[in-house]
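Note: hydrogens, waters and symmetry copies are ignored here, and every other heavy atom, side chains too, is used. Whatever order the structure lists ligands and atoms in, that order sets their numbers, starting from 1.
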Amino acid sequence: MSEIFNTKKPDFFGESRFYSASTWLKNNFGHKTIKLAIDGGFTCPNRDGSKSTGGCTFCSDTGSGEFASSIDEQIELYARKWPNAKYLAYFQNHTNTYAPAEELRKKYYEVLANPKVEGLVIGTRPDCLSKDALDLLEEINKTHFLWIEMGLQTIHKETSDNLNICYDLSVYDKSCKELAARNIKFVVHLILGLPGETEDMMLDSVRYVAKTPGLFGMKLHLLNIVKGSQMEKTHYDYQPFDSIDSYVDLVVRCLEIIPPHITIHRLTGDAPRPILISPPWSFNKRTILNRINEQLHLRNTWQGKKYNE
Ligand code: SF4
């Protein structure tokens, strides 16, 4: 990556000071492109007893996919505002590669048969990418648009163990290599504000993921304590940051160390208001994003400005 980005914001960011996924999608598809959250009816190894039964401690019992409803219903709503929009079907709930390959094939191709769907986004765990699943994803990737989303949350073992994530960093590394070797795009999810983590630890996770070969995008997620999660019982009053401003400050510093070509898919939390417990200001996504943009401007900085430092 050229060091010119240390002194000048890249033109391909458009108006933004980071490389948003929406900008990338618009450039790639030539139209606004919308992800439709759908529920494929999967479970996950942290809930069905294969690895654990309680789930990751931050996860609500719906599997972090609170917005899922049918494709056609969603398209009908969006088309009123964006008649030319394109759509990606987002298998979001639970672990969407955690089933025999024939079941995966049936579900993925059923969705792709909808002529309004341009491609798939598939949320999963790094330990749920079997050879059969990878072969199927490689096949789909050759004929349709596709990216995979994987939760990592943190690179720190003690935190990961406390979260009951049930896979190691080495598993993440291996799955990323497999996806990159098959030319499949992947996006990695980190959580900021996990109990026991300092800002330096969070920045170390960001730095590590940002250097993953083949990485397409990152999601930075503010820890939300939600109803139905184990953390509702153990961390009900936990405040991951003492204010919006301290969270915004950290996000700006994270963006500075992410290379400019990595697409940014999320910069805050996403829990629906009815299940959000803490932090109470998290539901106000627009305010948080506005403040991140404001600080990027005030500090005259941008994604990747300190990537080479
Ligand atoms: S976060 Fe994902 S892997 Fe963890 S319990 Fe929820 S659905 Fe399962």
Residues passing the side chain to side chain contact (heavy atoms under 4.5 Å, CB included) test with D161, sequence neighbours excluded, are K157

*Can a donor-acceptor pair be found between the side chains of N46 and S52 at a distance below 3.5 Å?*
no

Atom 8 (Fe) of ligand 1 reached by C59 (N, O or S, under 2.8 Å)
no

Sorted by chain and residue number, the side chain to side chain contact (heavy atoms under 4.5 Å, CB included) partners of P195 (sequence neighbours excluded) come out as L223, M231, H235, Y238

R47 heavy atoms within 4.0 Å reach ligand 1 at atoms 5 (S)

Assess the residue pair H265 and Y19 against the criterion (ring pair (Phe, Tyr, Trp, His ring centres under 6.0 Å)); give the C-alpha distance rounded to whole Å, side-chain angles, the decisive distance to 0.1 Å, and a yes or no. CA-CA 9 Å; H265 296 240; Y19 197 14; 9.6 Å; no

Using the rule that Ile, Leu, Val, Met, Phe, Trp and Tyr join whenever any side-chain heavy atoms are under 4.5 Å apart, tell me whether Y172 and L203 fall into a single cluster. yes

A student checking ligand 1 against H94 at a 4.0 Å heavy-atom cut-off should list atoms 7 (S)

The atoms of ligand 1 lying under 4.0 Å from a heavy atom of G55, numbered in the order shown, are 5 (S)

One finds that the ligand 1 atoms under 4.0 Å from a non-hydrogen atom of C44 are 3 (S), 5 (S), 7 (S), 8 (Fe)

Exercise for the section: Starting from the C-alpha separation in whole Å, work towards a yes-or-no answer on ring pair (Phe, Tyr, Trp, His ring centres under 6.0 Å) for W24 and F12. Expected result: CA-CA 9 Å; W24 188 93; F12 56 82; over 10 Å; no

Under 4.0 Å from one or more heavy atoms of R125, ligand 1 contributes atoms 3 (S)

If we number the atoms of ligand 1 from 1 as shown, the ones under 4.0 Å from a heavy atom of C56 are 1 (S), 3 (S), 4 (Fe), 5 (S)

